[in-house]
Amino acid sequence: MAEVREHQGACVARLLPRVRDIRRAGSCALDLCHLAEGLADAYVEEGPRIWDWAAGALVLTEAGGSFALLEGHLGRRLAGWSKESVVVASTPSEWDGFVADLRETGFLV
C-alpha cells in the first residue's frame with residue numbers, strides 16, 4: 001500500500017493547483033455519499049475494494065451522480081487488482097473536466 005500512497009501523493013500534488021480544496025473523511029463510501037449530498041464536487045482513489053465503494057456508489061448514482069472504475073497506473077502491478085482500480089466520481093457537469101484533470105495529473109492511464 002505504500003506504493004499506492006506514494007503515487008497518490010504525487011498525483012494530488014499535481015492536482016492541487018486545479019481544484020479548490022481536497023478533503024477526505026477516511027471512508028470511500030462516506031465520501032461518495034457526501035458527493036451525493038452535494039457536500040463535495042468529486043472523488044478519486046486508487047485501490048479501494050468493492051466493499052469500500054459499492055454502497056456509496058449506489059447512493060451516488062441514485063442521486064444522479066457520475067461514477068466509474070477507470071484504469072490507473074498501478075492497478076496492473078498490484079496483486080489481485082484489476083486494471084480498472086481507480087474509483088472516480090463527480091457531479092455530471094464536472095465529469096469530463098475532472099477525468100481530463102485526472103489523466104493529466106497521473107491518476108489515470
K.L.:
Compare every heavy atom of Val109 with every heavy atom of Gly72, then report the nearest pair and how far apart it is.
P.N.:
O-CG2, 3.4 Å
K.L.:
Under the 4.5 Å side-chain heavy-atom rule for ILVMFWY, direct or indirect, which residues accompany Leu70?
P.N.:
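Once heavy-atom contacts under 4.5 Å are chained together, Leu70 belongs with Val12, Leu15, Leu16, Val19, Ile22, Val44, Val86, Val88, Trp95, Phe98, Val99, Leu102, Phe107, Leu108.
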K.L.:
Whether Arg24 and Glu45 form a salt bridge (side-chain N of Lys/Arg under 4.0 Å from carboxylate O of Asp/Glu) is what I want to check.
P.N.:
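Yes.
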K.L.:
Between His7 and Gly106, is there a donor-acceptor pair closer than 3.5 Å when you use the side chain of the first and the backbone of the second?
P.N.:
yes
K.L.:
Tell me, yes or no, whether the heavy-atom count around Glu6 atom CD, taken from other residues, nucleotides or ligands under 6.0 Å, exceeds 12.
P.N.:
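12 or below, so no.
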K.L.:
Quick one: do Arg23 and Asp31 make a salt bridge, cutoff under 4.0 Å?
P.N.:
no
K.L.:
To check you understand the geometry: which heavy-atom pair defines the closest contact between Glu46 and Gln8, and what is its length?
P.N.:
N-NE2, 2.6 Å
K.L.:
Show me the side-chain donor-acceptor pairs of residues 53-69 shorter than 3.5 Å, one per line, residues at least two apart or across chains.
P.N.:
unit_1: Trp53; atom_1: NE1; unit_2: Arg49; atom_2: O; d: 3.3
unit_1: Thr61; atom_1: OG1; unit_2: Ala57; atom_2: O; d: 2.9
unit_1: Thr61; atom_1: OG1; unit_2: Leu58; atom_2: O; d: 3.2

K.L.:
Tell me which pairs pass salt bridge (charged side-chain N to carboxylate O under 4.0 Å, His left out) where either residue lies in residues 87-103, with sequence neighbours left out.
P.N.:
Arg18-Asp101
K.L.:
If I take atom OG from residue Ser27 and atom CG from residue Leu32, how far apart are they, to the nearest 0.5 angstrom?
P.N.:
8.0 Å
K.L.:
Rounded to the nearest 0.5 Å, how far apart are CG of Leu35 and CG of Leu30?
P.N.:
11.5 Å
